[in-house]
Asks: 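The structure follows.
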Amino acid sequence: MSRNTNQIEKQKGPIMKADRLAVEWLRCQRRRIGVLAVALTACGAIGLVPQIVKSDVVVVDVVAVAQGLRTGDLKGKPVLNEKNERIGTIDDLIIGKDRVLFGILQVGGFLGIGSHFVAVPYQSLQIDEAPTKIVLPGASKEALKNLPEFKYHA
């Protein structure tokens with residue numbers, strides 16, 4: 001005769017108490033495994049490679065992440081070409097639905113008047129570590145002005 005968890009919980013006594021503790025421990029382990037499976041699936045869907053540490057929690061290397069660039073540090077920074085000519089300014093960073101990152105540059109105009117936005121792949125931007133210099137190799141003001149205009153959705 002097999003006992004299910006409801007039968008174990010209803011019974012009393014020192015031996016049954018150990019059984020109830022074992023059942024509760026198993027439930028806890030199942031929840032932890034379920035949470036871990038969901039986290040691993042989410043990380044895999046967005047292309048992250050999770051690292052497992054002692055606590056079975058999915059984490060990233062926070063030291064490496066902290067050394068990365070914050071979007072706020074890039075917004076408003078001038079973008080230069082390889083001739084050191086200012087060709088635009090970073091207005092924003094956008095993650096496309098395909099999870100590709102784009103730099104939105106404001107080009108042309110004067111003090112924001114008469115300018116427009118263009119989207120360039122983030123990977124094409126060369127950013128030094130400070131970040132004090134952002135270079136878009138092979139670009140010119142004219143070439144950027146001739147790109148299709150990027151418009152933010154409402």
Asks: Between CZ of Phe102 and CD1 of Ile94, what distance do you get to the nearest 0.5 Å?
Replies: 10.0 Å
Asks: Give the cluster check for Leu101 versus Ile90: same hydrophobic cluster or not, with ILVMFWY residues linked at side-chain heavy-atom distances below 4.5 Å.
Replies: yes
Asks: CD of Gln123: more than 12 outside heavy atoms within 6.0 angstrom?
Replies: no
Asks: Distance check, rounded to the nearest 0.5 Å: Ser115 atom OG versus Leu105 atom CG?
Replies: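 Answer rounded to 0.5 Å: 11.5 Å.
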Asks: CG/Asp91 to CD/Gln106 distance, rounded to the nearest 0.5 angstrom?
Replies: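 Going from CG on Asp91 over to CD on Gln106, the span is 6.0 Å.
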Asks: Pro137: which residues meet the side chain to side chain contact (heavy atoms under 4.5 Å, CB included) condition with it, sequence neighbours left out?
Replies: Glu82, Gln126, Val135
Asks: Measuring from Leu136:CG to Asn81:CG, what's the distance to the nearest 0.5 Å?
Replies: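 Leu136 CG to Asn81 CG: 8.5 Å, rounded to 0.5 Å.
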Asks: Taking it one step at a time, do Val118 and Ile104 satisfy side chain to side chain contact (heavy atoms under 4.5 Å, CB included)?
Replies: CA-CA 6 Å; Val118 296; Ile104 307 303; over 6 Å; no
Asks: Quick one: CD1 on Ile134 to CG on Leu125, what's the gap to the nearest 0.5 Å?
Replies: 7.0 Å
Asks: Please name all residues satisfying side chain to side chain contact (heavy atoms under 4.5 Å, CB included) with Gln67, sequence neighbours left out, ordered by chain then number.
Replies: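 Gln67 satisfies side chain to side chain contact (heavy atoms under 4.5 Å, CB included) with Val63 only.
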Asks: Which residue pairs satisfy the salt bridge (Lys or Arg N to Asp or Glu O under 4.0 Å) criterion with at least one member in residues 65-78, sequence neighbours excluded?
Replies: Lys75-Asp92
Asks: What residues form a side chain to side chain contact (heavy atoms under 4.5 Å, CB included) with Glu142, not counting sequence neighbours?
Replies: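 Result, side chain to side chain contact (heavy atoms under 4.5 Å, CB included) vs Glu142: Ser140, Lys145, Asn146.
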Asks: Applying side chain to side chain contact (heavy atoms under 4.5 Å, CB included), run through Leu74 and Leu93 and close with a yes or a no.
Replies: CA-CA 9 Å; Leu74 297 175; Leu93 298 174; 3.8 Å; yes
Asks: State which residues pass side chain to side chain contact (heavy atoms under 4.5 Å, CB included) with Leu80; sequence neighbours excluded, sorted by chain then number.
Replies: Asn84, Arg86, Lys133
Asks: Taking ring pair (Phe, Tyr, Trp, His ring centres under 6.0 Å) as the cut-off, I'd like each qualifying pair that reaches into residues 114-147, sequence neighbours left out, listed once.
Replies: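 Every ring pair (Phe, Tyr, Trp, His ring centres under 6.0 Å) pair that includes a residue of residues 114-147, provided the two are not neighbours, is Phe117-Tyr152.
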Asks: Go through the steps to decide whether Val107 and Thr89 satisfy the test side chain to side chain contact (heavy atoms under 4.5 Å, CB included), and finish with yes or no.
Replies: CA-CA 7 Å; Val107 297; Thr89 306; over 6 Å; no
Asks: Once rounded to the nearest 0.5 Å, what's the spacing between atom CG of Leu69 and atom CD1 of Ile127?
Replies: 5.5 Å
